Amino acid sequence: MVKSEKTTLGRSLVKHHNHMIQESKDKGKYYKNLQKKVLESVTEVSDIDAILEQAEEAERLFTINHSNTTPLPINVDTQSSSSTIAAEEWREQQKIEEALHASSLQVPRRPPWTPEMSVEELDANEKQAFLNWRRMLVRLEENEKLVLTPFEKNLDIWRQLWRVLERSDLIVMVVDARDPLFYRCPDLEAYAREIDEHKKMMLLVNKADLLPPEVRAKWAEYFRRNDILFVFWSAIAATAVLEGKVLKEQWRKADNFQNTDDPEVVIYGRDELLARLQSEAQEIVRARNSRAPVDETQRENAVVGFVGYPNVGKSSTINALVGQKRTGVTSTPGKTKHFQTLIISEELMLCDCPGLVFPSFSSSRYEMITCGVLPIDRMTEHREAIQVVADKVPRRVIESVYNITLPKPKTYERQSRPPLAAEVLRAYCASRGYVASSGLPDETKAARQILKDYIGGKLPHFAMPPGMTEEKIEDDTGRETGSDSEEGEGDEEGSEQVPGIDDVLDDLTSFDLANGLASTKKVTVKKESASHKQHKKPQRKKDRNWRVKNTEEGDGMPLVRVFQKPANTGPLTMR
């Protein structure tokens with residue numbers, strides 16, 4: 001009897017184990033059918049991926065709505081008329097087209113929904129709205145005069161933004177202080193007001209300690225003139241103060257934090273920023289509650305949402321405000337995958353949104369790499385990205401920061417031209433000893449290090465507000481751009497000369513030495529020997545009297561010399 005009980009218990013355990021295995025398999029098949037993927041940012045897709053993605057979306061929508069979808073038009077005409085138009089005229093036409101289509105450059109809107117909707121119906125509506133938004137951008141890309149930057153193409157990332165905008169009362173857009181307009185998305189503010197007219201958008205100008213006080217004053221004037229709510233802030237400086245550390249970076253000068261007469265130019269601290277955010281958000285909540293019906297439940301706590309491009313400092317800002325590390329922080333863009341809510345007090349709650357790359361015009365992929373929006377490790381053309389850095393950072397600044405000497409422009413080149421990417425990379429590799437396995441300079445390693453220094457602030461650079469001339473930059477910030485540019489323009493005519501044979505040979509020799517193509521034989525240039533050498537027969541001066549003479553005595557007719565043959569007098573006789 002005891003043996004049978006043990007046998008029954010073992011069989012029941014085996015059955016339970018097999019049942020759990022089968023249940024896990026069923027769950028795996030279920031999630032596989034739902035096509036669950038890891039949430040990651042997608043900014044660039046190939047043409048084949050776009051076609052396959054479009055086919056999958058069309059098939060899924062057909063099965064749900066039983067309606068045919070129009071395929072995306074594909075432009076097979078790769079020829080462009082830009083080659084026949086001057087670069088200046090082409091850029092002017094491009095600016096005109098960008099101004100005309102600025103209203104079409106929008107962020108995707110979430111379709112209207114109600115709590116009574118099913119999950120399948122809501123998912124289908126969101127995918128249909130997102131597909132229509134993608135089609136609108138495709139029509140913009142068909143215009144050859146418009147260049148769209150890589151933008152976020154993952155619907156799940158945009159869903160995170162939709163949730164944050166709906167929850168938040170005050171939306172804080174974090175931007176980089178060195179170029180705030182590049183990271184600002186004006187359409188996002190319009191979308192927030194479409195959701196709720198009481199919502200406000202604040203511009204949190206992060207990394208403001210990298211700007212001189214005079215430049216911050218110019219940006220503050222520009223923001224006030226355009227009715228933009230803004231605050232200057234530095235997440236790294238606030239974190240260092242919270243941890244009791246001192247910033248050792250030389251490019252983060254202490255005089256950038258000096259007090260000024262204008263309170264809006266001062267860089268906010270942690271306590272000041274928390275008080276400002278709470279006051280702005282509570283004002284919005286009070287305004288909404290005052291206009292809400294009496295029977296409707298009113299919310300007392302305020303929610304502040306943080307949005308913006310990747311790697312602008314959203315998570316670092318939230319960690320500094322909370323007082324401890326609550327969100328992951330890294331220099332690689334796209335660390336935050338899902339939105340997070342953090343309770344500061346009973347009256348204030350923060351909401352962190354994953355970084356999104358908004359669609360915009362007139363910015364290349366390499367500019368987005370230098371701005372920290374796209375990861376550096378995925379860079380393929382390192383010279384193109386370094387050229388963007390060399391165009392924005394003056395030559396003398398690069399030489400002083402890295403303690404290197406860049407090659408001077410050739411005699412026939414414009415002396416005020418920016419250094420070439422190859423010159424910067426080779427000089428940096430020579431000073432650091434970066435050599436690849438092939439024996440050539442390791443330009444890829446050098447490019448990554450230079451880009452990290454550029455993004456981190458070691459290479460100082462900043463953009464001025466629109467309408468600011470170079471003379472004002474020189475007078476206010478001390479940059480020598482105005483005087484240098486004038487001298488370069490004045491000497492441009494004299495410096496641009498036709499290259500001689502010696503200049504061409506020097507360029508070819510330097511190119512061969514830099515790329516390991518120099519031959520072991522010494523190239524010698526044969527010089528013209530003098531005519532007074534003893535071993536050479538002196539040349540007789542040719543008589544050119546037969547040519548046309550147009551003198552006073554002559555009549556302009558050619559002279560003809562007649563050679564008279566001596567008469568044949570027969571053989572000579574010896575007498």
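Atoms considered below: every heavy atom in the structure, side chains included; atoms not considered: hydrogens, waters and symmetry mates. All of these numbers come straight from a predicted model, not from anything done at the bench.
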Worksheet entry | Test log, rule side chain to side chain contact (heavy atoms under 4.5 Å, CB included), inputs L406 and V424 | CA-CA 7 Å; L406 298 177; V424 176; 4.3 Å; yes
Item to complete: Given side chain to side chain contact (heavy atoms under 4.5 Å, CB included), test L137 with L105 step by step and report yes or no.
Response: CA-CA 8 Å; L137 294 182; L105 204 62; 4.2 Å; yes
Discussion item. Is there a side chain to side chain contact (heavy atoms under 4.5 Å, CB included) between R216 and I267? Walk through the geometry before answering.
Written reply: CA-CA 9 Å; R216 292 205 309 269; I267 300 177; 3.8 Å; yes
Worksheet item: Would T370 and I386 count as a side chain to side chain contact (heavy atoms under 4.5 Å, CB included) if you check the C-alpha gap in whole Å, the side-chain angles of each, and the deciding distance to 0.1 Å?
Response: CA-CA 8 Å; T370 56; I386 295 300; over 6 Å; no
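At least one donor-acceptor pair closer than 3.5 Å links the side chain of K199 to the backbone N or O of L165. Side chain of E381 to backbone of R383: no donor-acceptor contact under 3.5 angstrom is found. With hydrogens and angles disregarded, no donor-acceptor distance shorter than 3.5 Å links the side chain of D179 to the backbone of A463. At least one donor-acceptor pair under 3.5 Å links the side chain of K153 to the backbone N or O of F151. When atom types are taken as modelled, the side chain of N226 and the backbone of I228 share no donor-acceptor pair closer than 3.5 angstrom. Of the possible polar contacts, none joining the E443 side chain to the R426 backbone as a donor-acceptor pair under 3.5 Å is found. Put simply, the side chain of Q415 gets close to the backbone of K410: a donor and an acceptor are under 3.5 Å apart.
Across all their heavy atoms, V175 and R184 have their closest contact at CG1-N, 4.2 Å. Heavy-atom minimum distance, S168 versus C351: OG-CB, 4.4 Å. Contact record, A320 with L242: O-CD2, 4.0 Å, taken as the closest heavy-atom pair. Between Q160 and P354, the shortest heavy-atom distance links the atoms CB-CD, 3.8 Å. Across S315 and D352, no two heavy atoms sit closer than the pair OG-OD2, 3.2 Å. What you find for P213 and V265 is that their closest heavy atoms are O-CG1, 4.0 Å.
When side chains are defined from C-beta on, I157 counts as touching L356, because their heavy atoms get closer than 4.5 Å. Within the 4.5 Å cutoff, the side chain of W233 has heavy atoms near those of the T317 side chain. With contacts defined as side-chain heavy-atom distances shorter than 4.5 Å, the pair V304/M349 does not qualify. E243 is listed as a side-chain neighbour of T239, based on a closest heavy-atom distance under 4.5 Å. Within the 4.5 Å cutoff, no side-chain heavy atoms of E280 are placed close to those of D169. Using a 4.5 Å heavy-atom cutoff, the side chains of R270 and V241 are not in contact. Side-chain contact between V231 and R276: present, with at least one pair of heavy atoms (C-beta onward) separated by less than 4.5 Å. Annotation: side chain of L350 is in contact with side chain of I344 (closest heavy-atom distance under 4.5 Å).
Atom CG in L321 sits 4.5 Å away from atom CG in L274 (nearest 0.5 Å). Put simply, OG on S316 and NZ on K314 are 9.5 Å apart, with the number rounded to the nearest 0.5 Å. With values rounded to the nearest 0.5 angstrom, L459 atom CG is found 11.5 Å from L210 atom CG. Separation of atoms CD1 (I404) and OG (S431) is listed at 5.5 Å; rounding is to 0.5 Å. Here L451 contributes atom CG and I376 contributes atom CD1; the two are 5.0 Å apart, rounded to the nearest 0.5 Å. In this structure, the separation between CZ on R167 and OG1 on T341 is 6.0 Å, given to the nearest 0.5 Å.
Under 4.0 Å is where a charged nitrogen must lie from a carboxylate oxygen, and between K218 and E214 no such pair does.
Among pairs with a residue in residues 371-408, those fulfilling ring-ring contact (aromatic ring centres under 6.0 Å, His included) read Y402-Y428, at least two apart in sequence or across chains. Applying the ring-ring contact (aromatic ring centres under 6.0 Å, His included) test to residues at least two apart or on different chains, the pairs with a partner in residues 201-222 are W219-Y222, W219-F223.
Annotation: side chain to side chain contact (heavy atoms under 4.5 Å, CB included) contacts of A430 (sequence neighbours excluded): none. In this structure, N206 has no side chain to side chain donor-acceptor pair (under 3.5 Å) partners at least two apart in sequence or on a different chain. The salt bridge (charged side-chain N to carboxylate O under 4.0 Å, His left out) test applied to E221 returns R225, not counting sequence neighbours. In this structure, the side chain to side chain contact (heavy atoms under 4.5 Å, CB included) partners of D176, at least two apart in sequence or on a different chain, are R178, Y183, K207. For D442, there are no salt bridge (charged side-chain N to carboxylate O under 4.0 Å, His left out) partners, not counting sequence neighbours. Residues that satisfy the salt bridge (charged side-chain N to carboxylate O under 4.0 Å, His left out) test with R193, not counting sequence neighbours, are E189. With sequence neighbours excluded, the residues satisfying salt bridge (charged side-chain N to carboxylate O under 4.0 Å, His left out) with E423 are R417. Partners of P108 according to the side chain to side chain contact (heavy atoms under 4.5 Å, CB included) rule, which considers only residues two or more places apart in sequence or in another chain, are F130, W133, W158, W162. A search for side chain to side chain contact (heavy atoms under 4.5 Å, CB included) contacts involving C429 returns Y434, P441, A446, not counting sequence neighbours. Under the rule for a side chain to side chain donor-acceptor pair (under 3.5 Å), the partners of Y454 that lie at least two apart in sequence or sit in another chain are H461.
The distance between the ring centers of Y309 and F358 falls below 6.0 angstrom.
Defined by atom type and a distance below 3.5 Å, a donor-acceptor pair is present between the side-chain atoms of Q387 and D391.
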